[in-house]
Amino acid sequence: MLRAGIMALLLAGCVAAPPASSPAALERDLLAIPVPGTGQAIAARLCRPELPRTGPVPLAVINHGSPADAAARPRMRPAACGAEAVRWFTDRGFAVLLPLRRGYGVSGGAWAESNGRCAAPDFAGAGRQGALDVAAAVEYGRRLPGIRPEGVLVVGQSAGGWAALALAADRPEGVAAVIAMAPGRGGWAGGQPGRNCAPERLVAAAGEFGRSARLPVLWVATANDSFFSPSLAAAMQDAFTRAGGQAALVALPAWGADGHSLFFGAGGSATWGPIVERFLRSHGYGARQT
């Protein structure tokens, strides 16, 4: 029961759906976004703010985690526009784009961001593959009617946060800031909480991303994250910043049964919301966009 519950945490930001082979089987409300250089497209949901706005609105691209159980990947779908984390941003005037990366849900195709063998994982490569999909979503979203092409905010949880850090290393056009919630890969190695396949490789990969990343990053960790311990999160952020990246780590106390689910968890925005609000204000977004 415990492991089933923990594996469900990485589905945060997605809900179950019947598997499909390609975005051709998309629901009516989902978009199909081509990923350059891959020959594939990924599915995404777009949520716009409900209140009337004057002029184009800013875009937040929110990226999901990855389930520990591979069998769960085909059942994933983007979060609903009414989901708490999504509403937090749309209530503040953001349009929110929720992409499903390659190998997840109706996006279909091969799982592009595999780490490889746990004994010798390629965490940096996995992050770069995820970043390809996030970059495609950013470029697609910033060209949509009614959306500002500049000042894009990229948010990601767990594997999605790791992809966001990899994206920051590429200095993508139009992106102004990154929020990484419990970012990382390789957690729950061997089905054990608090174990990582190769923590030293994860730290080294964070440093690799930091060498070219110049976007401001808000890095959020919790004391009871069963995937990435506080010490591992601090080591990753330290490697990222020592290499030249700009990442402010906010280490929060324990949250719920497992802090790894904070971002998409019920009631989580009461904890992370004020932190994100301050980060947005400090980077010119303002409390509520107009």
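Keep in mind the model is a prediction, meaning the values are calculated, not measured. Atom set for the values below is all heavy atoms of this structure, side chains included, hydrogens, waters and symmetry mates excluded. Numbers here are sequence positions counted from 1.
For the residue pair Thr222/His260, the side-chain donor-acceptor check at 3.5 Å is not satisfied. If you check the side chains of Gln129 and Arg101, you find no donor sitting under 3.5 Å from an acceptor.
Here Trp88 pairs with Trp272 under the ring pair (Phe, Tyr, Trp, His ring centres under 6.0 Å) rule; sequence neighbours left out. Under the side chain to side chain donor-acceptor pair (under 3.5 Å) criterion, Arg48 pairs with no residue, sequence neighbours left out.
Across Ala137 and Val61, no two heavy atoms sit closer than the pair CB-CG1, 4.1 Å. Between Ala159 and Arg185, the shortest heavy-atom contact is CB-CD, 3.6 Å. Smallest separation of non-hydrogen atoms from Leu215 and Ala168: CD1-CA, 4.1 Å. Nearest approach of Ala234 to Leu249, heavy atoms of both residues: CA-CD2, 3.8 Å. Taking all atoms of both residues into account, the shortest heavy-atom contact from Ala206 to Met236 is CB-O, 3.5 Å. Taking both residues in full, the closest heavy atoms of Arg45 and Cys81 are given as CD-SG, 3.9 Å, listed atom of the first, atom of the second, then distance.
For the pair Arg195 and Trp188, the cation-pi test (distance below 6.0 Å, angle within 45°) is failed.
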Is there a side-chain contact (heavy atoms from CB on, under 4.5 Å) between Leu46 and Leu31? Walk through the geometry before answering. CA-CA 8 Å; Leu46 177 67; Leu31 306 169; 4.0 Å; yes
Take Phe89 and Cys47, measure what side-chain contact (heavy atoms from CB on, under 4.5 Å) needs, and give me the verdict at the end. CA-CA 10 Å; Phe89 286 93; Cys47 305; over 6 Å; no
Test side-chain contact (heavy atoms from CB on, under 4.5 Å) on Gln246 and Thr241 and set out the steps. CA-CA 6 Å; Gln246 303 176 37; Thr241 55; over 6 Å; no
Give the C-alpha distance, both sets of side-chain angles, the deciding distance and a yes or no for side-chain contact (heavy atoms from CB on, under 4.5 Å) between Val203 and Leu232. CA-CA 8 Å; Val203 171; Leu232 180 55; 3.9 Å; yes
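By the 4.5 Å heavy-atom criterion applied to side chains, Leu280 and Phe94 are counted as neighbours. Two residues are said to be in side-chain contact when any heavy atoms from C-beta on lie closer than 4.5 Å; Ile62 and Phe264 meet this criterion. Val86 is listed as a side-chain neighbour of Leu98, based on a closest heavy-atom distance under 4.5 Å. Counting heavy atoms from C-beta outward, Met181 and Val276 have side chains that approach closer than 4.5 Å. Pro67 places a side-chain heavy atom less than 4.5 Å from the side chain of Met76. No side-chain heavy atom of Ile147 sits under 4.5 Å from any side-chain heavy atom of Pro56. In this structure, Asn115 and Asp122 have side chains that are not in contact, with every pair of non-hydrogen atoms separated by 4.5 Å or more. Using a 4.5 Å heavy-atom cutoff, the side chains of Pro183 and Phe228 are not in contact.
Look at Arg92 and Glu277 and you find a salt bridge, because one of the NZ, NE, NH1 or NH2 atoms lies within 4.0 Å of a carboxylate O, short of that distance.
Taken from CD in Glu173 to CD in Glu139, the straight-line distance is 6.0 Å, to the nearest 0.5 Å. Here the CG-CG distance, from Leu100 to Leu30, works out to 7.5 Å after rounding to the nearest 0.5 Å. Here Ser229 contributes atom OG and Asn224 contributes atom CG; the two are 11.5 Å apart, rounded to the nearest 0.5 Å. Taken from OG in Ser158 to CZ in Phe263, the straight-line distance is 12.5 Å, to the nearest 0.5 Å. A distance of 10.5 Å separates CD1 of Ile275 from CD1 of Ile179, quoted to the nearest 0.5 Å. With values rounded to the nearest 0.5 angstrom, Arg102 atom CZ is found 5.5 Å from Leu132 atom CG.
Between the side chain of Glu113 and the backbone N or O of Gly127 there is no donor-acceptor pair closer than 3.5 Å. Judged purely by atom type and a 3.5 angstrom limit, Ser226 has no side-chain atom pairing as donor or acceptor with the backbone of Asp258. Between the side chain of Glu84 and the main chain of Gly267, a donor-acceptor pair closer than 3.5 Å is present. No donor-acceptor pair closer than 3.5 Å links the side chain of Arg73 to the backbone N or O of Asp69.
A 6.0 Å sphere centred on CZ of Arg171 holds more than 12 heavy atoms belonging to other residues, nucleotides or ligands.
For the ring-ring contact (aromatic ring centres under 6.0 Å, His included) with Trp162, the qualifying choice from Phe227, Trp219, Phe209 is Phe209, the only one to do so.
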